[in-house]
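Read through the structure below, which is laid out as structure tokens, and then see the notes.
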Amino acid sequence: MAVNSGRTLAEALAKGPVLLDGGLSNQLEAQGCDLSDALWSARLLADAPEQVEAAHLAYLRAGAQVLITASYQATFEGFGRHGIGPERTGALLARSVELARRAAGAARRADPEREIWVAASVGPYGAMLADGSEYRGRYGLTVSELERFHRPRVAALAEAGPDVLALETVPDMDEAEAVVRVAEETGLPIWLSYSVAGGRTRAGQPLEEAFAVAAGREAVVAVGVNCCDPAEAEEAVRVAVEVTGKPAVVYPNSGEGWDAEGRGWTGASTFDPGRVRAWTGAGARLVGGCCRVGPDRIKELAGLLER
């Protein structure tokens with residue numbers, strides 16, 4: 001249950017917008033963490049968990065109501081390549097939820113009436129490859145093969161007791177179908193969020209078809225987009241709501257581009273917190289930021305949502 005008076009996230013969304021946090025990796029880098037290896041922020045679950053908790057706290061201080069765990073790139077396969085066995089991997093996945101819970105508990109001690117939810121991040125198969133594949137999709141795997149990949153991690157995260165599973169940065173509808181099926185097995189609420197470009201999934205499928213994966217699925221409490229150009233967000237929200245009738249989730253990145261080969265960001269930020277009114281007007285109820293959107297921007301969003 002959420003670190004609050006007892007409302008579920010779905011109940012909160014029915015009443016109005018709920019504020020997500022921002023990019024975890026950029027906040028960790030701002031704290032001086034080195035994220036240059038293939039495990040990215042997931043490495044810190046083992047090496048520097050206090051840094052992950054501090055990053056969560058930074059977003060809570062900015063006004064975030066939902067914390068997304070540091071498990072986006074945490075997988076049994078990925079940790080296995082670094083000599084970390086299945087038992088330890090399961091413990092690290094559970095730790096990602098625990099660290100968010102601890103940060104939420106600290107915030108609640110300062111404000112006992114505050115509502116905070118913990119979302120366990122389930123990144124796409126391509127994130128484990130650490131080669132930019134999550135921005136392309138179409139890995140050459142079947143839906144069944146993708147289910148087998150996602151199932152152990154989703155089960156471990158669910159056992160740790162998050163409030164919701166965040167199926168995020170999904171590049172194509174085949175993987176969406178696989179990970180939603182697996183997540184439904186847990187009985188937890190789910191949000192499904194695609195990464196999009198040019199009005200389509202990263203794999204090139206029409207958004208109408210992609211969002212239809214979530215239509216009629218009771219466990220899915222929100223559907224939308226993340227880690228996309230902010231300019232893409234409003235139209236994607238409109239389509240998501242139109243196709244599914246569900247609240248939309250939207251947390252674009254800064255607008256900068258990711259260079260997978262050079263492992264760095266290029267271009268200028270185009271994230272404008274003022275766009276949040278257009279997002280909520282189109283049906284967004286879970287709103288925030290993704291890569292390169294830090295606590296300052298989340299604080300601006302919090303101020304706009306309060307008006």
Side-chain angles (χ1 to χ4, degrees), residues 10 13 20 68 72 119 121-129 132-147 149-151 154 164-185 188-253 255 257-258 275 278-280 282-291:
L13 295 178
L20 297 169
I68 302 174
Y72 173 83
S121 173
V122 180
Y125 174 84
M128 178 270 296
L129 300 176
S133 293
E134 70 264 46
Y135 297 112
R136 298 190 298 271
R138 291 307 189 199
Y139 318 113
L141 301 179
T142 66
V143 171
S144 294
E145 288 171 328
L146 288 167
E147 285 182 33
F149 166 78
H150 283 292
R151 186 167 283 110
V154 169
V164 60
L165 294 172
L167 316 181
E168 56 178 358
T169 325
V170 179
D172 73 59
M173 56 191 290
D174 288 347
E175 184 161 27
E177 180 64 43
V179 73
V180 168
R181 283 185 194 172
V182 168
E184 285 175 325
E185 297 168 2
L188 286 170
I190 301 162
W191 84 60
L192 172 63
S193 181
Y194 288 94
S195 179
V196 301
R200 291 175 171 264
T201 68
R202 292 283 185 167
Q205 299 126 340
L207 293 187
E208 290 84 357
E209 295 179 16
F211 291 136
V213 170
R217 302 182 98 139
E218 186 177 351
V220 179
V221 298
V223 60
V225 294
N226 77 289
C227 207
C228 62
D229 191 304
E232 299 254 6
E234 183 181 349
E235 176 62 13
V237 165
R238 185 192 65 75
V239 175
V241 173
E242 183 178 274
V243 170
T244 67
K246 296 178 181 289
V249 55
V250 56
Y251 49 119
N253 61 29
W258 174 249
R275 294 179 192 257
W279 301 344
T280 57
R285 292 296 177 267
L286 268 175
V287 298
C290 200
C291 300

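Remember, predicted model here, so these are calculated numbers, not experimental data.
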Tell me every residue that passes side-chain contact (heavy atoms from CB on, under 4.5 Å) with [X], counting only those two or more places apart in sequence or in another chain.
X      : value
Val249 : Leu20, Trp191, Ser193, Ala222, Tyr251, Leu286
Ala183 : Leu165, Leu167, Ile190
Ala212 : Val243
Ala127 : Tyr72, Gln73, Pro124, Glu134

Minimum heavy-atom distance [X]-[Y], with the two atoms named:
X      : Y      : answer
Ala119 : Ala166 : CB-CB, 4.1 Å
Val237 : Ala284 : CG1-N, 3.6 Å
Tyr139 : Glu175 : OH-OE1, 2.6 Å
Ala178 : Leu146 : CB-CB, 3.6 Å
Pro252 : Ala233 : CG-CB, 4.5 Å
Ala214 : Val223 : CB-CG2, 4.0 Å

To the nearest 0.5 Å, tell me how far [X] [atom1] sits from [Y] [atom2].
X      : Y      : atom1 : atom2 : answer
Asn226 : Ile68  : CG    : CD1   : 7.5 Å
Thr280 : Arg275 : OG1   : CZ    : 13.5 Å
Ser144 : Glu177 : OG    : CD    : 10.5 Å

Taking salt bridge (Lys or Arg N to Asp or Glu O under 4.0 Å) as the test, write out the residues that go with [X], two or more places apart.
X      : answer
Asp174 : Arg138
Glu145 : none
Glu209 : none
Glu147 : Arg151, Arg181

Residue pairs fulfilling salt bridge (charged side-chain N to carboxylate O under 4.0 Å, His left out) with at least one residue in residues 191-203, sequence neighbours excluded:
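Non-adjacent pairs meeting salt bridge (charged side-chain N to carboxylate O under 4.0 Å, His left out): zero.
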Which salt bridge (charged side-chain N to carboxylate O under 4.0 Å, His left out) pairs, counting each pair once, include a residue from residues 236-247, with sequence neighbours left out?
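Matches after skipping sequence neighbours: Glu235-Arg238, Arg238-Glu242.
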ask   = Among all residues two or more places apart in sequence or in another chain, which pass the side chain to side chain donor-acceptor pair (under 3.5 Å) test with Tyr125?
value =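 Partners of Tyr125 by the side chain to side chain donor-acceptor pair (under 3.5 Å) criterion come out as none, since no residue qualifies.
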What pairs meet the ring pair (Phe, Tyr, Trp, His ring centres under 6.0 Å) rule with one or both residues in residues 198-226, with sequence neighbours excluded?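 Only Tyr194-Phe211 qualify under ring pair (Phe, Tyr, Trp, His ring centres under 6.0 Å).
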Are any of the side-chain heavy atoms of [X] and [Y] separated by less than 4.5 Å?
X      : Y      : answer
Ser195 : Pro171 : no
Val180 : Arg217 : yes
Cys227 : Glu168 : no

Practice prompt. Give the C-alpha distance, both sets of side-chain angles, the deciding distance and a yes or no for side-chain contact (heavy atoms from CB on, under 4.5 Å) between Met173 and Thr201.
Written response: CA-CA 8 Å; Met173 56 191 290; Thr201 68; 5.5 Å; no
